K.L.:
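Structure in structure tokens, see below.
Keep in mind it's a predicted model, so treat the numbers as computed, not measured. Below, all heavy atoms of this structure are taken into account, side chains as well, without hydrogens, waters or symmetry copies.
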Amino acid sequence: MSTFVALSVSALAYGAALALAALGFLVLYKATGVVNFAHGDLITLGGYLALWFITALHLAPVAGYLVALAVMFGAGVLLERVAFAPLRRRPHLTVLIATLAAALVLRAAISLWQGSTPRKLPSPVGDEVVTILGAPIAVQRLVIIGVAAVCLTGIVLLFTRTGFGRQLRAVSSDRMAAELHGVNTTRVSVVAWGLSAALAALAGILIAPLSALDVNFGFTMMLAAFAAAVLGGFGSLWGATLGAVLVGVLQHLVGGYVLQDFAVVLPFLAMLLLLAVRPQGLFGKAVSRL
């Protein structure tokens, strides 16, 4: 029982962090139609920025996290201006290649700045552990679940209860029609890039105290978040969230019990199987082609 509880909490915490990263994909895709393959390196950069603010500027962990998130929002806006705005009218494949180039530049810059030695991001709760039903649970995992729940609720409210959310949904449905109705699509795009980068950074900051930061840290999370978004149905807010939880369950619970040697590949295997029978994902809408 204690093993089941420990693995379940681990699965839920990892899924919650992945949900934030997957929603970063989703926000950007809805606003621009672009899948940003620099997302993983933004996750890594967010973790390293938080580490730098804490260790070099001697900020408290929470303060370092918040400053890093603000800087990452600005980094997302800068990335939009450099990698997307000049190519807005170009084919999506051109923009995708630009995001790949941005990913390589970011990874090289991080490597030159921080080196290749794995680093540990301090946590405001340290290595504190609590016991739940006989299972030792790192408090950091509970923090991840709580922070992710608050942020996910905020994103839902942003999408459904605010003017920006309505504009974002309008742009997602038909960009040209949204422009004809007075929506400033350039502003929506800029904010979406900033929000996407901040969500990526938050996912990295939350999970990094349980792992080790290196230049490949965010790439692994990006792949898992992409699998989560596809499983849930690319474009579905709740689908991406539930897809992320499913990835966490597959990797930590199923992989932890019976398929330890294949835990990392289980989400991608599930993604391939699902695409074979339901290409739109669990909660995506089927689109017919004339």
K.L.:
Return the orientation label for the W193 and F84 ring planes: parallel under 30°, perpendicular over 60°, tilted otherwise.
P.N.:
tilted

K.L.:
Examine distances only and state if a side-chain atom of T162 and a backbone atom of L158 form a donor-acceptor pair shorter than 3.5 Å.
P.N.:
yes

K.L.:
Could you measure the distance from the OG1 atom of T55 to the NZ atom of K120? Nearest 0.5 Å is fine.
P.N.:
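So the gap between those two atoms works out to 14.5 Å.
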
K.L.:
Has the side chain of T99 got a donor or acceptor atom that lies under 3.5 Å from a matching backbone atom of L96?
P.N.:
yes

K.L.:
Kindly give the heavy-atom pair with the smallest separation between A135 and A6, and that separation in Å.
P.N.:
CB-N, 3.9 Å

K.L.:
For the hydrophobic clusters of this structure (ILVMFWY residues joined by side-chain heavy atoms under 4.5 Å, transitively), does one cluster hold both L100 and F219?
P.N.:
yes

K.L.:
Would a 4.5 Å heavy-atom cut-off, applied to side chains only, mark N216 and R107 as touching?
P.N.:
yes

K.L.:
Say whether, by atom type as modelled, one donor and one acceptor occur between the side chain of S196 and the main chain of A192 under 3.5 angstrom.
P.N.:
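A pair under 3.5 Å: no.
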
K.L.:
Assess whether side chain to side chain contact (heavy atoms under 4.5 Å, CB included) is satisfied between L49 and W113, documenting all intermediate values.
P.N.:
CA-CA 11 Å; L49 279 174; W113 175 37; 3.8 Å; yes

K.L.:
Tell me whether F4 shares a hydrophobic cluster with L133, the cluster being built from Ile, Leu, Val, Met, Phe, Trp, Tyr side chains joined at under 4.5 Å.
P.N.:
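Yes.
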
K.L.:
Which atom names give the shortest non-hydrogen contact between M222 and G40, and what distance separates them?
P.N.:
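So the minimum-distance heavy-atom pair works out to SD-N, 3.3 Å.
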
K.L.:
Looking at every heavy atom in both V215 and G115, which two are closest together, and how far apart are they?
P.N.:
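In this case the closest contact between V215 and G115 is CG1-O, 4.1 Å.
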
K.L.:
Taking the six-membered ring for Trp, are Y14 and H252 parallel (under 30°), tilted (30 to 60°) or perpendicular (over 60°)?
P.N.:
tilted

K.L.:
Mind checking the CD-CZ spacing from Q251 to F268? Nearest 0.5 Å is all I need.
P.N.:
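Output value for this atom pair is 7.0 Å.
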
K.L.:
Donor-acceptor pair, T32 side chain versus L28 backbone, under 3.5 Å?
P.N.:
yes

K.L.:
Show the nearest heavy-atom pair for residues V247 and L231, with the distance to one decimal.
P.N.:
CG2-CD1, 3.9 Å

K.L.:
Quick check against the 3.5 Å criterion: does T44 have a side-chain atom that pairs as donor or acceptor with the backbone of G218?
P.N.:
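Yes, because the side chain of T44 sits within donor-acceptor range (under 3.5 Å) of the backbone of G218.
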
K.L.:
Within the 4.5 Å heavy-atom criterion, are T3 and L7 side-chain neighbours or not?
P.N.:
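Yes, at least one pair of side-chain atoms sits under 4.5 Å.
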
K.L.:
CZ/F159 to CG/L168 distance, rounded to the nearest 0.5 angstrom?
P.N.:
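Reported to 0.5 Å precision, the distance equals 4.5 Å.
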
K.L.:
Kindly indicate, with the supporting measurements, whether the criterion side chain to side chain contact (heavy atoms under 4.5 Å, CB included) is fulfilled by I137 and V129.
P.N.:
CA-CA 5 Å; I137 305 295; V129 175; 5.6 Å; no

K.L.:
With no hydrogens and no angle check, is any side-chain donor or acceptor of H39 less than 3.5 Å from a backbone partner on G24?
P.N.:
no

K.L.:
Would F226 and V35 satisfy side chain to side chain contact (heavy atoms under 4.5 Å, CB included), going step by step from the backbone distance to the final call?
P.N.:
CA-CA 9 Å; F226 185 76; V35 176; 4.0 Å; yes

K.L.:
Could you tell me the separation between the CD1 atom of I132 and the CZ atom of R141, rounded to the nearest 0.5 Å?
P.N.:
11.5 Å

K.L.:
Please check: side-chain N/O of E128 versus main-chain N/O of Q140, any donor-acceptor pairing under 3.5 Å?
P.N.:
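Looks like no, no N/O pair under 3.5 Å.
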
K.L.:
Look only at the side chain of T241 and the backbone of L237, and say whether a donor-acceptor pair between them is shorter than 3.5 Å.
P.N.:
yes

K.L.:
Nearest 0.5 Å please: distance from the CD1 atom of I110 over to the CG atom of D214.
P.N.:
10.5 Å

K.L.:
Which pair of non-hydrogen atoms, one from A68 and one from I205, has the smallest distance, and what is that distance?
P.N.:
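It is CB-CD1, 4.1 Å.
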
K.L.:
Has the side chain of T153 got a donor or acceptor atom that lies under 3.5 Å from a matching backbone atom of A149?
P.N.:
yes

K.L.:
Could you tell me which non-hydrogen atom of A197 sits nearest to which non-hydrogen atom of L42, and how far apart they are?
P.N.:
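Between these two residues, the closest heavy atoms are CB-CD1, 4.0 Å.
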
K.L.:
I'd like to know whether L20 forms a side chain to side chain contact (heavy atoms under 4.5 Å, CB included) with L152, so could you lay out the CA-CA distance, the side-chain angles of the two residues, the decisive distance to 0.1 Å, and finally the verdict.
P.N.:
CA-CA 7 Å; L20 294 172; L152 293 173; 4.2 Å; yes

